[in-house]
Protein chains: 2
Amino acid sequence: MVSRAESAAATRRALLDAAGELLDSGGPDAVTLRAVGARAGVTRGAPYRHFPDKDSLLTTVAAEALDRLADQVRAVCAERASPADTLHRALAALMTIGRCRPHLYRLMFTAPTGDPVAVEAAVRAGERAMDEFLTVVGDLVGAPHVRRFAALLLAGAHGITDLEVNGHLSPDKWHVTTEELVSTLVSVIEVRTRNE
Amino acid sequence: MVSRAESAAATRRALLDAAGELLDSGGPDAVTLRAVGARAGVTRGAPYRHFPDKDSLLTTVAAEALDRLADQVRAVCAERASPADTLHRALAALMTIGRCRPHLYRLMFTAPTGDPVAVEAAVRAGERAMDEFLTVVGDLVGAPHVRRFAALLLAGAHGITDLEVNGHLSPDKWHVTTEELVSTLVSVIEVRTRNE
DNA sequence: TCGTTCAGGTGACAATGTCATCTGAACAGG
DNA sequence: CCTGTTCAGATGACATTGTCACCTGAACGA
């Protein structure tokens, strides 16, 4: 029925899911190899059959999340809405992760650690997500300064999200919502590119 | 010669400095209460005479760093250069921390944890730093949308810094330096405000 | 002078990451 | 069908860490 390879793959998946769920519910401190194992139905030593160490497990969680983000951006891009709309939705995908899964969001944008193989995978996934963003911005901005404005948009949206995630953007102090900030950011750059 | 209160204050200072130095040299994992104590010339239990727990110690380190940042921005502001120059230097103060002391930078912008007293101090220090930024931006932008643009500038600079700190802004991929990004960000907002 | 306070030292404990070792079942080859 | 191998998982053990209870001695106030 279930081959050994299938069972092992299922366990690996369960471990990654368990780590993500623990991260969401209790923050990084709650992600214990023992807890991850328990939630995945195995014991504390089992994860070492699938990941070299804890860091590599978490880095793989981040890599998968970055991959999903890249897929989302690509999907938004495929909808072929107006370039401005597409950009807004792509940035919204990023910020939704920050709002719904703040600890995962932090993990995604933290320098990956652990086994070189896992690190490499995370780096590649991150670059893929950024490349997708690049094509989105490419439809909005002329070729000469795509990279500059794409980096600026990405950094801006990330900064807004990160500040909000960490509670540094209380609306009653700044009189702005994160949505308004992103809108302002995008429009400001649109104005700039039209003026060139 | 040295009163008991003086000695205690000196130890407290030594603990905070030791924590900062360990954070710089070895990252968060290197900040061990035992290591902090050793570097401060005391043993592992001594920190508990000055901080309720480890989180509160680190939160206090962050609070002091935010306070220093606020002082720097205020000092820049007092130089009375051109508003644009002042803004650039204020943002540079922020980004310099990120480049020179990346782990401390991360600590500063992470939601504070630990004892409510320490958390309160960190929140207040963070708000003070932001208020200083607000006055800097106020000299550049008209009153109606100061907060919005101040938040945008701060979030943008923070996003750029955070991405760079975590290695997500390799210049050969994006063809941009962080300085160029900040310049673009500032000029883009200047254009916008002039058009209103 | 004497009792108090309190910074600091010390032993102990539970939790955790990690490893060496063991076990049993799924596999390959005859 | 039998047999040896491989490998996922279990288990025991160890060092490290945060944290606490308890102890000590010296600086203090009266």
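The chains referred to below are lettered A, B, ... by the order of the sequence lines, with proteins before strands, and numbering in each begins at 1.
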Q: Need one value for Val31(A): base, sugar-phosphate or nothing, where a base atom within 4.0 Å counts as base even if backbone is also close, heavy atoms only.
A: sugar-phosphate
Q: Which of these nucleotides, dC20(D), dT18(C), dG8(C), is closest to any side-chain atom of Tyr48(A)?
A: dT18(C)
Q: Both Lys54(A) and Arg44(B) contact DNA chain C. Taking the nearest nucleotide for each, which residue is further toward the 5' end?
A: Arg44(B)
Q: What is the distance from CG of Asp29(A) to C1' of dA14(C), rounded to the nearest Å?
A: 16 Å
Q: Provide, to the nearest angstrom, the distance between the CG atom belonging to Leu15(A) and the P atom belonging to dG17(C).
A: 13 Å
Q: Name the orientation class of the two ring planes belonging to Phe109(A) and His168(B) (parallel below 30°, tilted from 30 to 60°, perpendicular beyond 60°).
A: perpendicular
Q: Have His103(B) and Asp24(B) got a donor and an acceptor in their side chains that come within less than 3.5 Å?
A: no
Q: What is the separation between atom CZ on Arg49(A) and atom C1' on dG17(C), rounded to the nearest whole Å?
A: 16 Å
Q: Quick one: Leu22(A) CG to dG17(C) P, roughly how many Å, whole number?
A: 11 Å
Q: Rounded to the nearest angstrom, tell me the gap between atom CZ in Arg34(B) and atom P in dT10(C).
A: 13 Å
Q: Pick base, sugar-phosphate or nothing for Thr32(A), based on heavy-atom distances below 4.0 Å to the nucleic acid.
A: sugar-phosphate
Q: Check whether any side-chain nitrogen or oxygen of Thr11(A) sits under 4.0 Å from OP1 or OP2 of dG9(D), and answer yes or no.
A: yes
Q: Rounding to a whole Å, what distance do you find between Leu58(B):CG and dT19(D):P?
A: 10 Å
Q: Expressed in angstrom and rounded to an integer, what is the separation of Asp55(A) atom CG from dT16(C) atom C1'?
A: 13 Å
Q: Using only heavy-atom distances, determine whether the side chains of Arg99(B) and Thr178(B) contain a donor-acceptor pair under 3.5 Å.
A: yes
Q: Test of understanding: clusters of I, L, V, M, F, W, Y form through side-chain heavy atoms closer than 4.5 Å, transitively. Do Val186(B) and Ile189(A) belong to the same one?
A: yes
Q: Rounded off to whole Å, could you give me the CZ-to-C1' distance for the Phe51(A) and dA8(D) pair?
A: 14 Å
